[in-house]
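Beneath this line is the structure, given in structure tokens, with notes to follow.
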Amino acid sequence: MHEQEALSEQERLRREARQQLEAMGVDPYPPGDFEVTHWSADIVSGFEANEQAFAGMTVAVAGRIMARRIMGGASFCTLQDAKGRIQIYLKRDDLMQDGNASLYEVVWKKLLDLGDIIGVSGEVFRTRTGEISIHARTLKLLSKALRPLPVVKEKEGQLYDEVTDPEFRYRQRYVDLIINPESRRVFLQRSQIVQSMRSFLLQRGYLEVETPILQPIYGGALARPFVTHHHALDMKLYLRIANELYLKRLIVGGLNGVFEFAKDFRNEGMDRYHNPEFTMLELYVAFKDYVWMMDLVEEMLEQVVMELHGSTQVTVGSQRIDFRRPWPRLPLLDALAQRTGRQIADMDDAALRATAREFGVSLDETAGRGKIIDELFSTLCEPHLIQPTFITDYPVEMSPLARRHRSRPGLVERFEVICNGKELCNAFTELNDPLDQRRRFEEQLELGRRGDPEAMQLDEDFLRALEYGMPPTAGVGIGIDRLVMLLANAPAIQDVIFFPHLRPEKH
RNA sequence: GUCUCCGUAGCUCAGCUGGUAGAGCAGCUGACUCUUAAUCAGCGGGUCACAGGUUCGAAUCCUGUCGGGGACACCA
């Protein structure tokens, strides 16, 4: 076996232990018929709440050996299961089998290791030093670990030798989850956040749907797609960059409100805020507009935060962010006017460029009016918006799927929520005029011809759907990963995605 | 993509301006029947990311490659 030579000393020893176990008739990977009666954390909290009921109760737990303290004929072991940790007390005299001490002396002391998964049954009690523990009467190996687990020790909340290497944590998330409670916390909160949002939307009668990930025409956002190939049809397919156009087709189809927690894929650079695949909630509701949608978003996020933290406030880094309604609503041009002291709205492109230069905002030569305004806003205003704020009414050039503003020419009925200096969601009154939509697509095609790799494609079928008539509709997209980063106070997107994209590991 | 920092034992890290690799934890052997970062005594464990180069001699200096972090660019 050529892999043998690469094994470390500890790995070799564990393989030998496995063989010895088998030789003794102990199956290192027995079938899962060990009946777990309790979770560690429930025993501990139950005992604390009602000592009389729990003291002496026989329980069966299963989990991973995280620490061992062997003192000859007696031992203590820290067992970790899905809900927490509990101490196990093992005594040789109590684990005798027909006068044979080998379960304790050989299996437990010699052949089991940190990281092994065991099942234990025994009575709950409190040790002399006060720790709630299980006095083991049976001990069963449930799965032998052949690799040593990094050992993180802890005293009075202080961690020692904590594994902090991000590469290790992301590549071997399974280990990260075992040894890093902070990592578990973030992912549990992610799940809670998604559940809160889902029940909020279901409660209002909206329908959770699924739409294609493989799309012949990509649309719904400005981004470069991943391309793949369908062999049987011999055609190019794209991994979706958004599901917007499909959800709007469903609104045409008469569904009143639809949402999807969608994995989207964008072929762009990766950093702390960008993973090539990420999750977006999109929601579309018929007979509503973007003002109504602001109310809904406010209400939903306030409730999500409340359910997560028991308060509307979140601590993010050094900032304290309060999601209590209502949030300020500020037109984008007003925000810029406040920052610059200029009336941006009245400026022509040349004056805009001059303003950008004056405030040190660098611009692409080809940037049009919308792009310049967007650039000014994101460098001058966005970083200063810490508390959740609605920024409304964006330039039409930047928003090919949004309805023109009912009273402000050149703008669309769109808002973003900016929070902690970053976009949290993007919404508009949807464009449902098929002829206007066709013109906007054609403008995108022109951008594409001029070499913009992120310009949209023209989707004839989507236009056909609009021609049948789409009710006035409000839509919103919320980046789930970034929302979780914010609410769970995680510094990087890689901390909220179980298996973030990394370059392949070299062997 | 550019710049920059980093890669040493299973884990956390030390190793100065070049002299042939070290600690704690984990592991192994032994002692110990209420410990908790258990303790005590002893012992093993390394392709110093990889490939070249300079040198009598490279973990250390140089170049390149791979991987990761940070910043910028691009981007929602």
Side-chain angles (χ1 to χ4, degrees), chain A residues 5-14 16-17 65-78 85-95 101 104-105 109-110 113-115 125-133 135 145-172 175 179-180 221-224 241-242 264 266-276 278 280 362 364 374-375 377-378 382 398 416 418 422-426 452-454 477-479 481-482 491-494 500 502-507:
Chain A
E5 58 199 73
L7 293 180
S8 70
E9 181 187 40
Q10 294 195 47
E11 288 170 310
R12 280 197 311 273
L13 286 164
R14 283 173 183 240
E16 284 166 27
I65 302 172
M66 300 303 288
R68 292 206 299 172
R69 296 174 289 279
I70 299 176
M71 292 147 297
S75 305
F76 289 91
C77 159
T78 304
R85 293 180 169 199
I86 190 164
Q87 179 171 266
I88 311 293
Y89 176 57
L90 303 101
K91 201 157 72 157
R92 181 204 292 141
D93 301 348
D94 299 325
L95 291 170
Y104 181 87
E105 288 294 338
K109 280 171 75 171
K110 300 293 175 198
D113 291 290
L114 293 187
F125 76 113
R126 198 191 279 275
T127 64
R128 266 176 223 156
T129 50
E131 178 148 351
I132 295 160
S133 308
H135 189 144
L146 297 183
R147 280 177 191 266
L149 201 60
V151 178
V152 180
K153 297 215 173 189
E154 178 254 318
K155 187 186 190 181
E156 286 154 12
Q158 176 78 31
L159 293 176
Y160 297 82
D161 297 337
E162 188 181 8
V163 176
T164 51
D165 176 13
E167 186 175 1
F168 187 107
R169 295 185 44 229
Y170 302 154
R171 283 199 200 282
Q172 301 188 50
V175 178
I179 63 180
N180 195 343
L222 304 169
R224 293 173 68 170
I241 56 174
D264 292 340
R266 298 188 185 174
N267 208 338
E268 293 157 356
M270 295 151 53
D271 60 28
R272 173 152 44 133
Y273 300 101
H274 300 256
N275 194 64
F278 62 100
M280 178 100 95
S362 57
D364 201 296
D374 186 67
E375 199 59 41
F377 176 76
S378 47
E382 223 171 57
M398 303 299 296
E416 293 190 354
I418 311 293
K422 299 192 187 59
E423 175 199 339
L424 205 57
C425 63
N426 184 14
D452 183 346
E454 285 159 8
I478 303 181
D481 311 279
R482 292 193 187 168
I493 201 166
Q494 289 80 12
L502 295 176
R503 290 192 159 81
E505 203 174 352
K506 228 355 192 336
H507 285 288

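Given the structure is predicted, the values throughout are model-derived calculations rather than measurements. Excluded from the calculations below are hydrogen atoms, water molecules and symmetry mates; all remaining heavy atoms, backbone and side chain alike, are included. So you know, we letter chains A, B, ... as the sequences are listed, proteins then strands, and number each from 1.
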Whole Å only: how far is the [atom1] atom of [X] from the [atom2] atom of [N]?
X         : N      : atom1 : atom2 : result
Arg169(A) : G69(B) : CZ    : C1'   : 13 Å
Lys153(A) : A26(B) : NZ    : C1'   : 8 Å
Leu13(A)  : A9(B)  : CG    : C1'   : 14 Å
Asn180(A) : U12(B) : CG    : C1'   : 14 Å
Leu149(A) : C11(B) : CG    : P     : 11 Å
Asp165(A) : C5(B)  : CG    : C1'   : 14 Å

Which is true for [X] with a 4.0 Å heavy-atom rule: it touches a base, it touches only sugar-phosphate, or it touches nothing?
X         : result
Ile70(A)  : base
Glu11(A)  : nothing
Ala223(A) : sugar-phosphate
Lys109(A) : nothing
Arg266(A) : sugar-phosphate
Arg68(A)  : nothing
Tyr273(A) : nothing
Phe125(A) : base

Return no unless some side-chain N or O of [X] is found under 4.0 Å from OP1 or OP2 of [N].
X         : N      : value
Arg69(A)  : C32(B) : no
Arg224(A) : C75(B) : no
Arg503(A) : G68(B) : yes

message: Across nucleotides 40-45 of chain B, 5' to 3', mark each nucleotide with B, S or - according to how protein heavy atoms within less than 4.0 Å reach it.
response: ----BS

In the strands shown, is [N] matched to any nucleotide by a Watson-Crick or G-U wobble pair with both distances under 3.5 Å, and which?
N      : value
C72(B) : G1(B)
C66(B) : G7(B)
C16(B) : none

Those residues of residues 154-161 of chain A lying under 4.0 Å from RNA chain B by at least one heavy atom: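 Glu154(A), Lys155(A), Tyr160(A), Asp161(A) - these, ordered by number, are the residues of the stretch whose heavy atoms sit under 4.0 Å from the strand.
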
- prompt: Ignoring hydrogens and geometry, is there a side-chain-to-backbone donor-acceptor pair from Gln494(A) to Asp271(A) under 3.5 Å?
  reply: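 Pair found, side chain donor or acceptor close to backbone of Asp271(A).
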
